[in-house]
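Worksheet: the structure to be examined is printed underneath.
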Amino acid sequence: MPSLVFNKMNTVFIRVAHLKTSVKWYSDLLNQEYKMSEVKNPIYNLKIDGETGLTLDAGPEGKKTNSG
């Protein structure tokens with residue numbers, strides 16, 4: 001019987017402690033352009049080629065992550 005689940009992923013969310021620092025780090029790593037003026041809490045979507053997106057998520061304002 002074939003699986004009812006497709007082997008695809010739409011978006012990967014990465015929880016980050018500091019959104020602006022993380023946007024710079026991931027953008028530099030992936031050679032992506034970004035404008036810091038467009039970085040607004042709580043999330044930032046990186047421009048990724050292909051089907052799967054990458055979203056950096058700082059979580060609710062005032063709530064600390066395990067790393068921050």
Side-chain angles (χ1 to χ4, degrees):
M1 178 168 151
S3 175
L4 299 176
V5 178
F6 293 104
N7 187 13
K8 292 187 178 188
M9 191 177 305
N10 185 15
T11 303
V12 174
F13 285 81
I14 299 176
R15 187 71 182 263
V16 298
H18 304 283
L19 187 62
K20 289 185 177 187
T21 302
S22 298
V23 167
K24 179 180 180 346
W25 191 86
Y26 279 98
S27 295
D28 290 347
L29 176 71
L30 299 170
N31 199 29
Q32 298 291 314
E33 293 183 18
Y34 63 95
K35 293 181 183 174
M36 200 52 72
S37 62
E38 295 176 358
V39 178
K40 307 283 187 219
N41 277 341
I43 63 170
Y44 182 82
N45 297 303
L46 278 87
K47 296 170 179 72
I48 302 293
D49 294 336
E51 294 181 20
T52 304
L54 179 60
T55 298
L56 303 179
D57 182 0
E61 192 170 330
K63 185 168 181 166
K64 300 257 184 202
T65 64
N66 289 339
S67 61

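- Under a cut-off of 6.0 angstrom, the local environment of CG in Asp49 is sparse, with at most 12 non-hydrogen atoms contributed by other residues, nucleotides or ligands.
- Residue pairs meeting the side-chain hydrogen bond (donor to acceptor under 3.5 Å, both in side chains) criterion with at least one partner in residues 21-32, sequence neighbours excluded, are Lys24-Asp28.
- Counting all heavy atoms, side chain and backbone alike, Val16 lies closest to Leu56 at CG1-CD2, 4.3 Å.
- In this structure, OH in Tyr44 is found 14.5 Å from CG in Asp57, a value given to the nearest 0.5 Å.
- Note: the hydrophobic cluster containing Val12 also contains Leu46 (ILVMFWY, side chain heavy atoms under 4.5 Å, direct or indirect links).
- If you chain together hydrophobic residues whose side chains sit under 4.5 Å apart, Ile48 and Leu19 fall into the same group.
- The line from CG of Leu54 to CD1 of Ile14 is 4.5 Å long, rounded to the nearest 0.5 Å.
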Report, one line per pair, each donor and acceptor closer than 3.5 Å where one atom sits in a side chain of residues 33-42; sequence neighbours left out.
| residue | atom | partner | partner atom | Å |
| --- | --- | --- | --- | --- |
| Lys40 | NZ | Ser37 | O | 3.0 |

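- Atom OG1 of Thr52 and atom CG of Asn10 lie 7.0 Å apart (nearest 0.5 Å).
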